[in-house]
Protein chains: 2
Amino acid sequence: MKPVRTEIVVIGVRERRTHALLLRLPGSVWALPGVDVPAGTTLEAAALSALEEQTGIRGPHLEQLYTFDRDGGAGVCVAHLCLVALERQALAPGPGVVEVRWFPMDDHPPLAGDAAAVLEYGRSRVRAKAAYAPIALQLLPESFTLGELQVVYEAVLDHDLDTRNFRRDVLQAGIVEATGASRADGPGRPAGLYRSGGGDFQVLARERRIARAIARAPGSDALRR
Amino acid sequence: MKPVRTEIVVIGVRERRTHALLLRLPGSVWALPGVDVPAGTTLEAAALSALEEQTGIRGPHLEQLYTFDRDGGAGVCVAHLCLVALERQALAPGPGVVEVRWFPMDDHPPLAGDAAAVLEYGRSRVRAKAAYAPIALQLLPESFTLGELQVVYEAVLDHDLDTRNFRRDVLQAGIVEATGASRADGPGRPAGLYRSGGGDFQVLARERRIARAIARAPGSDALRR
DNA sequence: TCAAAAGTGTTTCTCTTACACCCATGT
DNA sequence: ACATGGGTGTAAGAGAAACACTTTTGA
């Protein structure tokens, strides 16, 4: 018998950079959202309810990341990954939570325990998944421009992509489809709006160019042991 | 507080097929090696010692696979993956273990609980890793022929590879290096022996052909949620 | 009229694939 | 001598990468 904890790495993109959601408890340094999992509760259920109570984020898709030993085997912590459309999330610090904030992934305050390692693991996973799963769609609201989609990829991969190649690829793959509407905010030609197209991402060999970007990206070794 | 268990999917290759190591306890059906992890013991340490005690396999490299809920959240089970050079492993059923045996991965007896799902998860992971990590080297003894290496890949990927392309790729990548020695067993020209070359596997884009084979392979969706 | 973002095709080159025969040994 | 596995190169096609200008709007 051991204490089983779960923590959640919540990732979003803002201003061309990936951000992580952190929270501060009274008298404590910054930490990841998380909770001890009671017996009789599943890991995912515990993670979802902790996330909602502590940060106000409801019903996202969670993916299990890794299970870490804590305190030399005294307990374990099951880390989860959660991708959200940052701009659309209203944050609501729960009872006992002093503050909830987004921090740029590589410019965050000191974290409690091994949380920094957990965070980095989450970032590596997102990068690796970008090659074969349409993760960027989880990081954007329901409708978005192709420019926004590209920015999300560039932030996640930390690598610039060629606009023409990118547009051709995502359209040919059927990853996105035009809604017909368009949006003008600020100067510049209004951009067409798109939504998830349900196209099979991995069918398109073209996206291997993103796999290459990943291979070149820093920190990609973490998942490749 | 919950019971934390660990189980190990041990995989090897024999006769051109992937095999898994299973064991039988008295009055029980076949199951994966595993143990309840005592407080104060790390997951990996518990898994390693259970593996040695129950099957006689010592000191292999373990990789964490996934953490499963057990009995609706009553406990958790942290699955590990272990790749071994099957032919070189002497099996020694530990105290209380009736039998330890290798079974072809897709022709195994009924298993206790969710072990079949855990096993399948392990197989998917091996396949996925084959694209970017030299896993085949773990599945072979220290020195081996290129023919043996190719057979291992074909078994793992469940897909035939072109001999000339395969040899060119692994040699160019520096994955293996010739020992200079050669080996003649049975009829046929003696094969040169190779050892791990420490070459950076992922540097070589060529190995994408294996990534494709994976994409075509059955069951590859499991890891792509 | 200018600044700012959106949108659009083609060419070159590299990588992938497919493919067939001779070599060295054991029986 | 024959059966068995080891070992070798090339050519054609597909995919990836690099590349610059026109369009439409707000200020």
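Since this is a predicted model, take the numbers as computed values, not measurements. Chain identifiers are assigned alphabetically (A, B, ...) following the order of the sequence lines, protein sequences preceding nucleic acid strands; residue numbering begins at 1 within each chain.
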Atom [atom1] of [X] and atom [atom2] of [N]: how far apart are they, to the nearest Å?
X: Asp169(B); N: dA18(C); atom1: CG; atom2: C1'; answer: 14 Å
X: Arg183(A); N: dG7(C); atom1: CZ; atom2: P; answer: 11 Å
X: Tyr194(A); N: dA6(C); atom1: OH; atom2: P; answer: 11 Å
X: Leu171(A); N: dA6(C); atom1: CG; atom2: P; answer: 14 Å
X: Asp160(A); N: dC19(D); atom1: CG; atom2: P; answer: 13 Å

* To do: Verify the distance criterion only: is there a donor paired with an acceptor across the side chains of Thr67(B) and Thr67(A) at less than 3.5 Å?
  =>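 A pair is found: one side chain offers a donor N or O, the other an acceptor, under 3.5 Å apart.
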* Of residues 139-150 of chain B, the positions that come close to DNA chain D - non-hydrogen atoms, cut-off under 4.0 Å ->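 Close to the strand, none.
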To the nearest 0.5 Å, what is the distance between [atom1] on [X] and [atom2] on [Y]?
X: Trp102(B); Y: Thr55(B); atom1: CH2; atom2: OG1; answer: 8.0 Å
X: Ile135(A); Y: Leu81(A); atom1: CD1; atom2: CG; answer: 8.5 Å
X: Glu53(A); Y: Leu48(A); atom1: CD; atom2: CG; answer: 11.5 Å

* Give a yes/no on whether any side-chain N or O of Arg167(A) is located under 4.0 angstrom from OP1 or OP2 of dA6(C). =>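 So the side chain of Arg167(A) is outside the cut-off, no N or O lying under 4.0 Å from OP1 or OP2 of dA6(C).
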* To do: Scan nucleotides 19-27 of chain C nucleotide by nucleotide, 5' to 3', and note B when protein non-hydrogen atoms come under 4.0 Å of the base, S if they reach only the sugar-phosphate, - if neither.
  => BB--BBBS-
* Asked: Within the distance-only criterion (no hydrogens, no angle test), does the side chain of Arg125(A) pair as donor or acceptor with the backbone N or O of Leu65(A) below 3.5 angstrom?
  ->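 At least one qualifying donor-acceptor pair exists.
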* Kindly say whether Ala117(A) contributes a backbone atom to a donor-acceptor pair with the side chain of Asp114(A) at under 3.5 angstrom? =>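 Not a single qualifying donor-acceptor pair exists.
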* How would you list, by chain and number, every residue that makes a ring pair (Phe, Tyr, Trp, His ring centres under 6.0 Å) with Trp30(B), sequence neighbours excluded? ->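 Counting only residues at least two positions away or on another chain, Trp30(B) forms a ring pair (Phe, Tyr, Trp, His ring centres under 6.0 Å) with Phe103(B).
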* Asked: Any idea how Phe68(B) and Tyr121(B) line up, ring-wise: parallel (<30°), tilted (30 to 60°), or perpendicular (>60°)?
  ->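 If you compare the ring of Phe68(B) with that of Tyr121(B), the planes turn out perpendicular.
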